Student: 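My structure is below; once you've seen it, I'll send some questions.
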Protein chains: 2
Amino acid sequence: MQTLTVGQLAKQAHVNLETIRYYERRGILPEPPRRESGYRQYPPEAVERIRFIRRAQELGFSLKEIQELLSLRVDPGTTSADIKKRAEAKLADIDTKLRDLNRMKTALTKLTVACRGRGPTSECPILDALELPMD
Amino acid sequence: MQTLTVGQLAKQAHVNLETIRYYERRGILPEPPRRESGYRQYPPEAVERIRFIRRAQELGFSLKEIQELLSLRVDPGTTSADIKKRAEAKLADIDTKLRDLNRMKTALTKLTVACRGRGPTSECPILDALELPMD
DNA sequence: ATAGACCCTGTACTTAGGTACGAAGTCAAG
DNA sequence: CTTGACTTCGTACCTAAGTACAGGGTCTAT
């Protein structure tokens, strides 16, 4: 099958059909060609495009950031140096996120190790660390 | 010091005053005693309570999860093992995110290295890769 | 005793990222 | 040629986590 309908694309990309229309409204997904009837006709690569968007999102990038990255290409004044700069900025973002997550991990790990997992909650170091009762 | 008004609490905990009321509505912050006038009177520990909430948020817990965590403590049947299980589940979430981020970092790093940063965008390997899966 | 800062409640608005719905048009199988 | 699944658009609705009033009451320093 050469082209996909919006429903087929939704299934293959594992997203809601409405999400695709939403992405199109947001300008994140380019408007595909249409049939005479107005039905959208997606090339198979659209599946990968959507998967890319979802992955980037899962890694903490907002749709707006993704949009910016994608829209750079459309601008005829953009050089590959611009793109590279953008990618390097994203890389710095990723490093920040990695540091934050590692900090969280360390903190939580310490707490779960300290917690023997026995006895009443009154002796749980996790709650002790997180909570100071106020009543 | 003794007790704090909501405004003082907000300042000391570095949150918006409305956020405090919001937490109270959500049941995350217990309702404090009131003066005759209806003014909230917070004990100084309330500052720590709010910091706890923010810390837990930073550790990746949503307000809903924090709420659940707090209500676990109230339930006399809860053991510290239950709490530990929750923390460990969160830890697994964090690990997943770390793996994904590292995968993304590797991919993006490769691309920025491959990109000479010169010439038109049509020759930029970073943009080429946007159309493709990034694993 | 009054100005100005603070607090009360309730409601509405915000941003992000979707989801759902209704009325109408289209496609393909039987 | 009908039926049922699919698509169109526009608009409305949703959750999370706040934030911003408005219209009133209270507190405190002068």
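What you see is a predicted model; the values in this text were computed from it and never measured. Residue numbers start from 1 in every chain, and the chains themselves are labelled A, B, ... in the order their sequence lines are given, proteins ahead of strands.
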Student: For the pair E65(A) (side chain) and S62(A) (backbone), establish whether a donor and an acceptor sit closer than 3.5 Å, ignoring hydrogens and angles.
Tutor: yes

Student: Counting only side-chain nitrogens and oxygens, does S37(B) get under 4.0 Å of the OP1 or OP2 atom of dC27(D)?
Tutor: yes

Student: Which of these passes side-chain contact (heavy atoms from CB on, under 4.5 Å) with K110(A): T112(A), T106(A), V113(A)?
Tutor: T106(A)

Student: How long is the line joining CD1 of I28(A) and P of dG18(C), in whole Å?
Tutor: 8 Å

Student: Quick one: is R34(A) getting a side-chain N or O under 4.0 Å of the dC9(D) phosphate, OP1 or OP2?
Tutor: yes

Student: Check if the side chain of R25(A) and the base of dG18(C) share a donor-acceptor pair of N or O atoms closer than 3.5 Å.
Tutor: no

Student: Rounded to whole Å, please give me the gap between CD in E36(B) and P in dC27(D).
Tutor: 9 Å

Student: Do T3(A) and Y42(A) have side-chain heavy atoms sitting under 4.5 Å apart?
Tutor: no

Student: What is the distance, to the nearest angstrom, from the NZ atom on K64(A) to the P atom on dT14(C)?
Tutor: 16 Å

Student: So does T5(B) get a side-chain nitrogen or oxygen closer than 4.0 Å to the phosphate oxygens (OP1/OP2) of dC7(C)?
Tutor: yes

Student: Looking at R54(B), does any N or O in its side chain come under 4.0 Å of the phosphate oxygens OP1/OP2 on dG18(D)?
Tutor: yes

Student: Once hydrogens and angles are ignored, does a donor-acceptor distance under 3.5 Å link the base of dC6(C) to the side chain of Y39(B)?
Tutor: yes

Student: For dC21(C), does the base pair up with any side-chain atom of E18(A) as donor and acceptor (N or O, under 3.5 Å, distance only)?
Tutor: yes

Student: Within this structure, what is the CD1-to-C1' distance between I66(A) and dA16(C), rounded to whole angstrom?
Tutor: 12 Å

Student: Quickly work out the L17(A) CG to dT8(D) C1' distance and round it to whole Å.
Tutor: 10 Å

Student: Nearest whole Å is fine: how far is dG17(C) P from I20(A) CD1?
Tutor: 17 Å

Student: Round to the nearest Å and state the distance from Q41(B) atom CD to dC7(C) atom C1'.
Tutor: 13 Å

Student: Look at the side-chain N and O atoms of Q57(B) and state whether any lies under 4.0 Å from the OP1 or OP2 oxygen of dG18(D).
Tutor: yes

Student: Is there side-chain contact between L63(B) and I53(B), with at least one heavy-atom pair below 4.5 Å?
Tutor: yes

Student: Given dT19(C), is OP1 or OP2 found less than 4.0 Å from the side-chain N or O atoms of T19(A)?
Tutor: yes

Student: Can you see if the side chain of R40(A) gets near the phosphate of dT8(D) - specifically, an N or O under 4.0 Å from OP1 or OP2?
Tutor: yes

Student: Rounded to the nearest 0.5 Å, what separates atom CZ in R99(B) from atom CG in L101(A)?
Tutor: 12.0 Å

Student: Using atom CG of N16(B) as one end and atom P of dA17(D) as the other, report the distance to the nearest whole Å.
Tutor: 16 Å

Student: Looking for any heavy atom pair under 4.0 Å, which part of the strands does R21(A) touch: base, sugar-phosphate only, or nothing?
Tutor: base

Student: Can you find a side chain N or O atom of Y23(B) that sits less than 4.0 Å from OP1 or OP2 on dG18(D)?
Tutor: yes

Student: Taking only side-chain N and O atoms of Y22(A), does any of them lie within less than 4.0 angstrom of OP1 or OP2 on dA16(C)?
Tutor: no

